[in-house]
Structures are given as structure tokens and as C-alpha cells.
Enquirer: 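Please read through the structure below; I'll follow up with questions.
Just so it is clear, the model here is predicted, and its values are computed rather than measured.
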Amino acid sequence: MPDSCSTSPDGHFHVAAVQMVSTPDRDENLAQAGELIATAAAQGARLVALPEYFCFMGRADRDKLAIQEEEGSGPIQEFLAQTARRHGIWLAGGTLPLRSPDPDRVFNTMLVFDPDGTQCARYDKIHLFNFTRGQESYDESLAIRPGGEVRSFESPGGTVGLSVCYDLRFPELYRALRTSSLLLVPAAFTYTTGQAHWELLLRARAIENQCYVLAPAQGGRHPNGRRTWGHSMLVDPWGDILDVLPEGPGVVGGTIDAERLESVRTSLPAWRHRVL
């Protein structure tokens, strides 16, 4: 269910996704994120979303435990709050490691801050990525504890549903978010899986939920040897890609248009036709 901090939609709401190539240096990542957020804000974005692991991509799975924070305190959260306040924007902080009850694992958490710098939503990633093909192998459960609740919040652009990366493969999560105007999907898709499925899945989630999808991604070769797919994008409710950045640091964006949203939902009322 939505967290508090509601406001009424104003019809047009400019949003932006930041693409990064994060490193094992937290401070370096925060500095790069700050510059890209400033660019997005200068271009008129009122909501800016950062990619998964924007603050840190270590050389080993458990490296993230060293920079974990308690909710409400720590340099990463201070950066997000201060940056949102400085630019007067809604800021979705990709993901950062928050302490969990398990000493060997953290929550992979997206925190959202309002234009006053106040935290107004939290989502702990529910689905944990596991992939093995040849020499390529990933298992997020080694260092991450899964969350258990879907989350959304109210913005001037309408209800914003929260999800992270591997969640994209589970359409039931998005149905549980009901009629969001915008879905956020910060990610660090691998090059292999991203090339095969990233665009296809993003457009499918937009089409089947008849909403906008904003997907900030990691995109490039990282110092830990990993290569991420990138292609941060904004997709409209008809499945059209409004903006995309293939690789490297940068910003993509566009407008959440309430009239466009209503037009798609009225001309093809799929939500009303649901049976199951």
C-alpha cells in the first residue's frame, strides 16, 4: 500500500533516470551521482531515479556489508536527503545496503526522499537474482536478505510503484501495485540477460499495466570485471520508448502525461476486463 506523502497529480510531471557505471569507491559514486542528478534537475526533472547499487559495486558479494547503514542514518542516506532538498526534487535512491536482522546479509533497499529531503518510502527488494551459465554466475542471496512487501508512494505525477531489477520478471508484483501511473525499475542487469530480455520486459510491464515505466540502470564495464547492460529508458503506457541511453553515465527523461495515461486506459480498458 502507498506510503504517506501524498499530493494531487498536476497532469504533467517531468522525470529522469540516471545511468551510472558504479565502482567499489562509495564516495566516488556519490560524487558522480550528485553531478548527474544536478544535470537532470537543471533539465527540469521533478523526480529523479538512480540505478540499483548506485552507491557501491564491490569486488565480492559481501563487500557491501562494510558500508551497510541503519535506516535513518549514514552518509548515503544523508547524501540522498540533502540532494533532494538542494534541488527540490523527488529522489529515488536506486538501492543501498541497509542492515537486516541477519548479520551476514543486508536488505537491498530503495529509499525515496521528497523535495524537503524527508524519506517518504522504502522498498526492500523481494526477488533475488540467481543466474549460472558457463563461467558466469550470480547469487544475490549470499549477501542480501529479501524483502516481503510491495510499496508505492504518491507524487505530483500520481502513484509511483517501486521495484528493483530482477523483480521485473515477476508480473504479479506489478499487479499487486494496482493502477500506478509510473513504475520505477532501478537495475543492474547483466550484459547477457539485459541484451536478451531488458527492453522486452520493460515494455511488457508498461503495456500490461498501462502506465509509464522509468528504468535507471548500470551500464558499462565495472572495476570488479562485471559488465552491465545499461539502456536506461522511459517507456509510455502504449509501450513506446520515449528516451534511452545505451551505455555509459548519463541521464534520460521525459514527461508523465496524465492525458496520455487516461487515453490509453480509456481506449483499451484492459484493467476493467480483468477476470482473474
Side-chain angles (χ1 to χ4, degrees), residues 1-18 40-41 43-51 84 88-94 110-115 119-123 149-165 167-168 170-187 199 201-217 232-244 251-274:
M1 54 189 299
D3 292 283
S4 60
C5 63
S6 302
T7 50
S8 298
D10 66 358
H12 292 83
F13 188 61
H14 191 76
V15 300
V18 166
Q43 293 173 352
R46 298 175 62 195
L47 181 150
V48 179
L50 295 166
I89 58 172
W90 300 80
L91 180 59
M110 180 182 353
L111 297 178
V112 181
F113 293 81
D114 70 15
Q119 181 186 318
C120 68
R122 169 179 173 168
Y123 169 67
E149 296 183 50
V150 297
R151 294 291 183 190
S152 62
F153 70 98
E154 296 300 322
S155 79
T159 302
V160 181
L162 305 180
S163 65
V164 175
C165 200
D167 285 334
L168 185 59
F170 300 88
E172 62 272 21
L173 182 149
Y174 299 95
R175 286 303 200 196
L177 288 166
R178 298 185 175 88
T179 52
S180 297
S181 298
L182 172 67
L183 298 172
L184 298 184
V185 192
E199 178 185 322
L201 289 169
L202 289 172
R203 296 179 72 189
R205 297 298 86 87
I207 293 165
E208 69 194 7
N209 293 288
Q210 298 186 311
C211 66
Y212 289 87
V213 173
L214 183 67
S232 297
M233 65 178 70
L234 176 64
V235 185
D236 85 351
W238 196 246
D240 293 332
I241 298 173
L242 302 182
D243 198 9
V244 62
V251 174
V252 300
T255 299
I256 306 304
D257 185 339
E259 290 185 7
R260 171 67 167 163
L261 199 63
E262 182 61 23
S263 174
V264 169
R265 292 176 174 179
T266 299
S267 62
L268 181 59
W271 272 91
R272 199 167 70 237
H273 295 157
R274 289 176 63 212

Enquirer: Any donor and acceptor pair, going by atom type alone, linking the side chain of Ser267 with main-chain N or O of Val264 inside 3.5 Å?
Expert: yes

Enquirer: The criterion is salt bridge (charged side-chain N to carboxylate O under 4.0 Å, His left out); which residues satisfy it with Arg260, sequence neighbours excluded?
Expert: Asp236, Asp240

Enquirer: Just how far is it from atom CD1 of Ile256 to atom OH of Tyr212, taken to the nearest 0.5 Å?
Expert: 6.0 Å

Enquirer: Looking at residues at least two apart in the chain, or sitting in another chain, which of them share a salt bridge (charged side-chain N to carboxylate O under 4.0 Å, His left out) with Glu149?
Expert: Arg151

Enquirer: Between Gln210 and Leu268, is any pair of side-chain heavy atoms under 4.5 Å apart?
Expert: yes

Enquirer: Between Trp90 (side chain) and Arg46 (backbone), is there a donor-acceptor pair under 3.5 Å?
Expert: no

Enquirer: Check for a donor-acceptor pair, side chain of Asp243 on one end and backbone N or O of Leu234 on the other, with a separation under 3.5 Å.
Expert: no

Enquirer: Could you report the tightest heavy-atom contact between Arg265 and Cys211, atom names first, then the distance?
Expert: NH2-CB, 3.8 Å

Enquirer: Is Ser163 reaching over with its side chain to a backbone N or O of Leu184, donor-acceptor style, under 3.5 angstrom?
Expert: yes

Enquirer: Any side-chain heavy-atom pair from Cys120 and Phe113 closer than 4.5 angstrom?
Expert: no

Enquirer: Are the side chains of Val18 and Val48 in touch, meaning some heavy atoms are under 4.5 Å apart?
Expert: yes

Enquirer: How long is the straight-line distance from CG of Leu201 back to CG of Leu168, given to the nearest 0.5 Å?
Expert: 4.5 Å

Enquirer: Considering all heavy atoms of both residues, which atom of Gly157 and which atom of Ser181 are nearest to each other, and what is their separation?
Expert: O-CB, 3.5 Å

Enquirer: Could you state the interatomic distance from CG (Leu214) to CG (Leu183), rounded to the nearest 0.5 Å?
Expert: 10.0 Å

Enquirer: Hey, could you give me the CG/OG distance between Leu202 and Ser232, rounded to the nearest 0.5 Å?
Expert: 9.5 Å

Enquirer: My understanding is that only residues two or more places apart in sequence, or in another chain, count here; which of them pass salt bridge (charged side-chain N to carboxylate O under 4.0 Å, His left out) with Asp257?
Expert: none

Enquirer: Once you round to the nearest 0.5 Å, how far does CG of Leu182 lie from CG of Asn209?
Expert: 11.5 Å

Enquirer: Could you state the interatomic distance from CG (Leu261) to OG1 (Thr266), rounded to the nearest 0.5 Å?
Expert: 9.5 Å

Enquirer: Is the shortest heavy-atom distance from the side chain of Val213 to the side chain of Tyr174 under 4.5 Å?
Expert: no

Enquirer: Per the side chain to side chain contact (heavy atoms under 4.5 Å, CB included) rule, which among Val252, Ile241, Val185, Leu242 passes with Met233?
Expert: Ile241

Enquirer: Could you check whether any side-chain heavy atom of Arg175 comes within less than 4.5 Å of a side-chain heavy atom of Trp271, counting everything from C-beta outward?
Expert: yes

